[in-house]
Structure formats: structure tokens, C-alpha cells
Protein chains: 2
Amino acid sequence: MTHIRVRSLVVESARPSEPCAACDARPFSVCNAIDQRDIERLAALAASLTVEAGRTFIEEGDPAEHFFNVTAGTAKLFKLLPDGRRQITGFAPMGTFLGLAVSSTYAFGAEAVEPMRICRFSRFKLRALLDDFPAMEKRLLEVASNELVAAQEQMLLLGRKTARERLASFLVTRAACTANGATPCGHRAAEKVTLPMTRSDIADYLGLTIETVSRTLTRFKTERLIDIPSASEIVMRDHAALESLATGLH
Amino acid sequence: MTHIRVRSLVVESARPSEPCAACDARPFSVCNAIDQRDIERLAALAASLTVEAGRTFIEEGDPAEHFFNVTAGTAKLFKLLPDGRRQITGFAPMGTFLGLAVSSTYAFGAEAVEPMRICRFSRFKLRALLDDFPAMEKRLLEVASNELVAAQEQMLLLGRKTARERLASFLVTRAACTANGATPCGHRAAEKVTLPMTRSDIADYLGLTIETVSRTLTRFKTERLIDIPSASEIVMRDHAALESLATGLH
DNA sequence: GACCCGCCTTGATCTGCATCAAGGCAGAAT
DNA sequence: ATTCTGCCTTGATGCAGATCAAGGCGGGTC
């Protein structure tokens with residue numbers, strides 16, 4: 001396998017045969033708005049990259065030259081204040097389309113939480129291609145609308161929920177998204193939730209500190225709401241109680 | 001003028017002659033993506049409504065049957081917790097398009113801060129019309145992208161900024177949006193900022209309490225950063241200092 | 001003009017979460 | 001096997017902002 005280092009990311013020469021056709025992420029992604037026979041045009045634009053865990057592949061403020069599609073692994077999206085305070089605005093699992101923005105620079109940074117594979121498109125070229133595929137543009141609007149709804153929910157969490165409610169919301173949402181079968185956001189709540197991110201990431205996502213996250217989780221454990229077999233695994237023991245906590249009922 | 005009460009909103013029979021053509025909000029709105037000769041098709045779908053200050057015209061959780069366009073006045077958009085805690089997720093000034101959502105129910109409520117005029121469209125009919133006007137769909141995607149960026153900025157504010165930084169951010173953003181000339185979001189910072197919303201609204205927008213908002217503003221005053229000629233008017237005396245406060249520099 | 005009613009300001013006190021501090025633990029390197 | 005290192009947990013203390021409480025102020029009504 002040939003690797004070429006470009007801007008500190010590993011670029012693989014796009015396999016000529018089945019670049020998009022055999023993509024694991026396609027069923028979860030905006031790409032599936034384009035049908036089989038047109039997919040090659042999209043594939044021609046895509047560069048497949050590998051991103052190692054911990055690597056920042058979008059730098060806030062950099063010129064926004066690319067769109068990305070997460071094909072494996074998870075990224076965290078974040079904004080920073082000059083003194084280092086960080087707000088993680090979301091996690092981007094497989095299938096997530098990144099880089100929607102009208103501005104010419106990225107409004108947020110992105111860093112791999114786990115080893116990732118991403119698909120990279122030239123913003124300029126994709127824009128031209130979108131004119132030919134209104135179905136994909138429609139899909140993008142849907143995606144953006146959904147993210148807007150999620151963002152509003154997160155504002156409610158950050159502005160008005162207690163630490164307990166935030167953690168409960170986080171776990172419940174994760175459980176819904178990790179659900180059995182489909183990886184990104186199925187609809188049956190999972191028993192076991194895997195947390196690929198660190199406590200620090202969770203804290204920065206929920207507007208708390210590491211210590212509060214840790215304490216709150218251990219308190220949930222003593223209250224028999226969850227089990228914590230390992231730091232990155234949570235078992236939901238009382239889903240109903242967590243859900244009502246998440247919605248603000250005590 | 002004929003008024004017809006419908007679902008506790010005042011509906012005016014759409015003036016047959018110039019419903020959209022002479023609309024004040026059009027230059028600021030997604031409608032301007034549709035050119036002059038097609039605007040009548042849009043106008044045929046629109047109902048022009050008057051909303052009195054304080055009236056809720058979108059109820060969170062209600063079936064989402066309509067899209068709205070704010071043609072005059074300002075609305076607050078909010079989410080509630082069962083015990084009454086409220087997060088205002090944004091203010092919608094003239095030109096704002098409301099109701100983007102894939103779900104069949106509204107994800108947020110909307111209430112008039114000032115007397116408003118809004119343009120109401122059937123979701124179903126507008127969706128059909130959008131297929132004929134890809135330019136408008138593009139515009140919607142742009143709008144949604146911009147709101148997503150704003151939402152991320154607000155998450156940073158809610159999750160990581162201090163009360164002083166939140167108020168400073170709020171004032172600076174308002175100043176940019178109230179700027180001279182164009183009402184919604186010009187690009188020169190205004191000297192005087194008008195706040196049509198109450199302290200309670202500001203508090204619920206910034207994730208604070210009324211008291212903290214009030215105290216912080218009076219402290220800004222004693223520090224000569226602002227003047228407060230009346231409760232709903234703020235004069236920016238030291239814009240630079242407020243801006244650096246807003247970005248987290250002390 | 002007097003009263004009322006919302007809204008805003010200001011002061012006193014409380015508290016949930018942050019901060020400071022000290023290990024514990026598990027996987028990686030040697 | 002031992003040490004190291006990064007991450008996590010737990011405890012003690014502090015503080016920003018919430019809560020509780022008491023007027024002030026301005027605009028509307030009678």
C-alpha cells in the first residue's frame with residue numbers, strides 16, 4: 001500500500017476500482033443521495049485519508065478548502081478561547097459530513113478521538129458537482145436542519161441543566177446513538193454505551209470539569225443507575241430514571 | 001381592513017396586488033433568491049399575519065405545519081424544561097426564516113418580543129415549490145449553515161464563558177447586528193444598541209439569572225464600558241474593551 | 001394626581017460546581 | 001518485573017453566580 005504524506009495527513013492513492021461503491025459509511029452518509037451510476041463522479045473528487053487518534057485535521061480559522069466525510073472512527077469538533085478554554089460542540093461519528101459553512105474559514109476545529117478514515121473533497125469542485133445533484137443538496141439541508149435541532153438541545157443543556165442532568169442527557173443520547181445494529185443513531189436504546197472520548201472531552205462537551213464528570217458518574221453508580229465496568233464503558237442499569245433525569249424531572 | 005381570527009393569530013387577507021413585491025424584509029430574506037417574475041407563485045402561498053407582543057406563535061412539540069418568515073419585529077426562540085427553566089436559543093429579527101426541521105413537530109417555541117408581522121407558508125406546499133427553485137433551496141442551506149456556526153459560538157459562550165464575557169459577547173454581537181443602515185446584521189458596529197427584549201429574556205439567552213445580568217451591566221457602567229440611558233438602550237463607550245472581554249481576554 | 005403593576009436594581013446569603021491537591025490504576029516502554 | 005505516563009478518581013476548599021429579599025422606577029389606568 002502506498003502512502004504519501006500531505007499536510008501531515010496520510011493520503012492513500014484512491015483505489016481506482018471501488019472508492020465509494022464499497023464504502024461502509026455510505027448508507028449513513030449524504031453520499032447515498034447520489035445513485036449508483038453517478039457515484040463515480042463523486043468518487044473522482046474524493047481523497048481517502050487516514051487520521052491517527054489525537055491528530056487535528058481541521059484547524060479553526062484556517063481557510064476552508066475542503067469538505068470532509070467521516071468514513072470510520074470518531075472526531076470531536078471544538079472551539080477554543082485564547083486562554084485555552086475549550087468547548088466541544090459535537091462528536092462526529094461515521095457518516096458525518098463536515099465543513100458546511102458559508103465563510104471562507106473553518107468556524108471550528110476537528111480532532112480524531114479514535115483512529116479515523118475520512119473522505120476529503122475540494123470545496124470548490126464539490127460545489128460545482130452539487131448543482132448537478134439537487135438530491136444531495138436537499139440531503140445536506142436535511143443534515144444541517146437536524147444538526148440545528150441538536151445544537152438547540154445542547155444550548156438548553158449548557159444553559160439550564162445541572163451537572164447530573166447533563167451527564168444523564170449525554171448517556172441517554174449516546175445510548176440511543178450506539179443502539180444495537182446500526183452504528184450511527186439507531187432507534188432502540190443500547191444497554192452498554194462505549195465512550196471513545198476521554199473524561200476531559202466529555203467535560204468540555206458538557207461545559208463541566210473532569211472532576212465533576214467523574215464524581216457525577218460515580219454517584220450514578222452508587223445510586224445503581226449505571227455500572228462502570230471500565231472507564232470507557234457504561235452500562236445503563238436504570239434507563240428510565242436516567243431519561244427522566246435528562247429531561248429535568250428529579 | 002378585514003381581520004380574521006385563526007388559532008389566536010390575526011390573519012389579514014393577503015393583499016392581491018403586491019404581497020411580496022413590496023415586502024420590507026425581502027432584501028434580508030431567503031425570498032430574494034427568487035426573482036421578480038416568479039415571486040407571485042411564492043406570494044400565492046404566503047399568508048401575512050400580525051402577532052402582538054408576548055404572543056407565542058410556535059409551540060414546541062406542535063405538529064410543524066408551517067414555515068415562517070419574519071417581516072417585521074423580533075421573536076425569541078426557546079426551549080423549555082418541564083419545571084419551567086427556559087433557554088432562549090436565539091432572537092429572530094426581520095428577514096429570519098423559521099421552521100427548518102426535518103421532524104414533524106417543532107423543536108422549539110417562538111414568541112413575539114415586539115409586535116410582529118410574519119409571513120406563513122404551508123410546509124407541504126413550500127416543499128413542492130422548492131423543487132422548482134433550487135436557488136432558494138441553496139439559500140436555505142446557506143442560512144442553515146450560518147445558523148449552525150452561530151449555534152456553535154453560542155455553545156462556547158454557554159459552556160465556557162463567564163458572566164462578564166457573556167454579556168460583553170451579547171452586546172458586541174447586538175452592536176454588529178443593529179449596525180447603521182441595514183437593520184439585520186450590517187457590518188459596522190453601532191454606537192447605540194437597542195434591546196427590545198427584557199432582562200429575563202437576556203438572562204435566558206445567556207444562561208444566567210436576571211440579577212446577574214443587571215449587576216453585570218451596572219458594573220460595566222461603573223467601569224465606563226457602557227452607558228445605560230434607559231433599560232432598553234445601551235451605549236457602547238469602549239467597544240474595544242468589550243470586544244476583548246467577549247473573546248475571553250481579560 | 002394617585003395608584004397599580006411589571007420590570008429592573010441592589011443587597012445579603014447560599015450553594016453547586018470549580019479549583020487545588022493527592023493518590024490510584026492500567027497500558028506502554030524498557 | 002519495574003517504571004513511567006496519561007488518565008481517572010477522590011477529598012478539601014473556594015468562589016462565581018444563584019437564590020432570597022427588599023425596594024425603586026416608569027408607564028398605564030382611573
Side-chain angles (χ1 to χ4, degrees), chain A residues 52-54 76 81 83-87 111 113-115 157-170 194-223 226-234 245 248 250, chain B residues 52-54 76 81 83-87 111 113-115 157-170 194-223 226-234 245 248 250:
Chain A
E52 66 198 83
K76 54 190 174 201
L81 288 171
D83 63 0
R85 278 174 288 171
R86 184 179 67 159
Q87 179 64 37
E111 178 184 326
V113 168
E114 313 165 283
L157 180 149
L158 292 169
R160 290 298 180 223
K161 289 186 183 176
T162 65
R164 279 168 72 76
E165 289 164 352
R166 291 180 202 205
L167 260 302
S169 301
F170 178 69
T194 312
L195 305 176
M197 68 292 289
T198 66
R199 295 287 185 270
S200 175
D201 290 340
I202 298 173
D204 284 348
Y205 180 56
L206 300 178
L208 301 169
T209 58
I210 324 177
E211 293 94 329
T212 299
V213 170
S214 184
R215 272 189 257 271
T216 305
L217 287 178
T218 42
R219 187 158 160 220
F220 282 173
K221 189 169 84 173
T222 66
E223 293 169 342
I226 60 172
D227 274 337
I228 313 181
S230 83
S232 65
E233 285 174 309
I234 305 277
L245 236 184
H250 296 236
Chain B
E52 66 197 83
K76 54 191 173 200
L81 288 172
D83 63 0
R85 279 174 287 172
R86 183 179 67 159
Q87 179 64 37
E111 178 184 324
V113 168
E114 314 165 283
L157 180 149
L158 292 170
R160 289 300 179 221
K161 289 187 183 175
T162 65
R164 280 168 69 77
E165 290 164 352
R166 291 179 201 204
L167 260 303
S169 301
F170 177 69
T194 312
L195 305 176
M197 68 292 288
T198 66
R199 293 289 183 270
S200 176
D201 290 339
I202 298 174
D204 284 348
Y205 180 57
L206 300 178
L208 300 169
T209 58
I210 324 176
E211 293 93 330
T212 300
V213 170
S214 185
R215 272 190 256 273
T216 304
L217 286 177
T218 41
R219 189 159 159 220
F220 281 173
K221 189 170 84 175
T222 65
E223 293 169 341
I226 61 171
D227 274 337
I228 314 181
S230 83
S232 64
E233 285 174 309
I234 305 277
L245 235 183
H250 295 235

Short N-O contact, Arg219(B) and Glu223(B), less than 4.0 angstrom: yes
How many Å lie between CD on Glu165(B) and C1' on dA16(D), as a whole number? 12 Å
Interface polar pairs with nucleotides 3-5 of chain C, N/O, under 3.5 angstrom:
none

Provide, to the nearest angstrom, the distance between the CG atom belonging to Leu208(A) and the P atom belonging to dA16(D). 18 Å
For Asp204(A), is there an ion pair with Arg160(B) - N to carboxylate O distance below 4.0 angstrom? yes
Sorted by position of nearest nucleotide on DNA chain D, 5' first, the leading residue of Ala231(A) and Lys161(B) is Ala231(A)
Between Leu245(A) and Ala168(A), which heavy-atom pair has the shortest distance, and what is it? CB-CB, 3.8 Å
Could you check how far CG of Asp204(B) sits from P of dC8(C), rounded to whole Å? 12 Å
Please report the distance, rounded to the nearest Å, between CZ in Arg199(B) and C1' in dT9(C). 9 Å
Answer with base, sugar-phosphate or nothing: what part of the nucleic acid does Thr162(A) contact at a heavy-atom distance below 4.0 Å? sugar-phosphate
Could you give the CG-to-P distance, from Asp201(B) to dG6(C), as a whole number of Å? 16 Å
Per-nt protein contacts along nucleotides 10-15 of chain C (heavy atom under 4.0 Å; B base, S backbone sugar-phosphate only, - none) come out as BBB---
Please state how far atom CG in Asp83(A) lies from atom C1' in dT19(C), giving the value in whole angstrom units. 15 Å
Applying side-chain contact (heavy atoms from CB on, under 4.5 Å) to Asp201(B) and Arg86(B), what does each step give before you reach the verdict? CA-CA 9 Å; Asp201(B) 290 339; Arg86(B) 183 179 67 159; 2.9 Å; yes
Candidates Leu195(B), Leu208(B), Val213(B) - the one meeting side-chain contact (heavy atoms from CB on, under 4.5 Å) with Phe170(B): Leu195(B)
Leu206(B) atom CG is separated from dG17(D) atom C1', nearest whole Å, by 13 Å
Does a side-chain N-to-carboxylate-O contact under 4.0 Å join Arg85(A) and Glu165(B)? yes
Between Ser200(A) and Thr209(B), which has a closest nucleotide on DNA chain D that is more 5'? Ser200(A)
Ile202(A) atom CD1 is separated from dC7(D) atom C1', nearest whole Å, by 12 Å
Measure the shortest side-chain to side-chain distance between Glu233(B) and Ile228(B) over non-hydrogen atoms and say whether it is less than 4.5 angstrom. no
If you look at every strand shown and take non-hydrogen atoms under 4.0 Å, does Gly207(B) touch a base, only sugar-phosphate, or nothing? sugar-phosphate
Nearest heavy atoms of Leu158(B) and Gly159(A), plus distance in Å: CD2-CA, 4.1 Å
Test side chain to side chain donor-acceptor pair (under 3.5 Å) applied to Thr216(B) - qualifying residues, sequence neighbours left out: none
